[in-house]
Amino acid sequence: MVIVPATTGQMGVLPGHVATIAELKPGVLSVHEGSEVTKYLVSSGFVFIHANSFADIIAVEAVPLDRLDVNLVQKGLAEFTSKLSSARTDLEKAEAQIGIDVHSALNSALTG
């Protein structure tokens with residue numbers, strides 16, 4: 001089973017799932033193989049669930065959670081929050097908001 005952070009909410013994908021295309025939002029993607037669970041932080045992308053029970057996950061970034069440093073994540077969140085408060089253009093605001101969204105998802109994934 002795979003659990004993906006879709007923009008419509010967490011989506012569990014099991015064999016026999018109906019064919020679907022979903023947009024990914026920043027969050028934790030979990031891959032369950034037997035009793036083992038591997039978690040990745042994905043920044044964005046798409047999941048294509050095929051009728052033959054296969055899924056293609058296309059992520060802009062995917063990093064195993066055990067490779068992330070919570071202190072650096074919190075520092076990045078503070079930096080992007082500061083950038084958002086001082087942003088003047090729509091582009092600067094959008095870039096800062098994306099940074100906040102990604103770092104917030106990272107922080108939530110790492111701090112539980």
Joint hydrophobic cluster, V31 plus V42, side-chain heavy atoms closer than 4.5 Å: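 Same cluster.
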
Common cluster, I49/L24, ILVMFWY with side-chain heavy-atom separation under 4.5 Å: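 Looking at the clustering, L24 is in the same group as I49.
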
Within residues 30-83 or reaching into it, pairs that qualify as ring pair (Phe, Tyr, Trp, His ring centres under 6.0 Å) - sequence neighbours excluded: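 Pairs touching residues 30-83 that pass the test: F80-H103.
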
Looking only at heavy atoms, which two atoms of [X] and [Y] are closest? And how far apart?
{"X": "R88", "Y": "K93", "answer": "O-CE, 4.3 Å"}
{"X": "A19", "Y": "A51", "answer": "CB-N, 4.0 Å"}
{"X": "L77", "Y": "T81", "answer": "O-OG1, 2.8 Å"}
{"X": "A6", "Y": "A22", "answer": "CB-CB, 4.2 Å"}
{"X": "S53", "Y": "G16", "answer": "OG-N, 2.7 Å"}
{"X": "V28", "Y": "P5", "answer": "O-CD, 3.5 Å"}

Listed partners of A94 passing side chain to side chain contact (heavy atoms under 4.5 Å, CB included), at least two apart: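 Checked A94 against side chain to side chain contact (heavy atoms under 4.5 Å, CB included); zero matches.
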
Whether E92 side chain and T89 backbone form a donor-acceptor pair below 3.5 Å: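 Indeed, once roles are kept as given, a pair shorter than 3.5 Å links the two residues.
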
side-chain contact (heavy atoms from CB on, under 4.5 Å) assessment of L65 paired with L41: CA-CA 6 Å; L65 284 186; L41 185 284; 4.0 Å; yes

side-chain contact (heavy atoms from CB on, under 4.5 Å) between V70 and N107, intermediate numbers included: CA-CA 7 Å; V70 69; N107 194 47; 4.1 Å; yes

Residues that, via side-chain heavy atoms closer than 4.5 angstrom, fall in one hydrophobic cluster with L14: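 L14 shares its hydrophobic cluster with M1, I3.
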
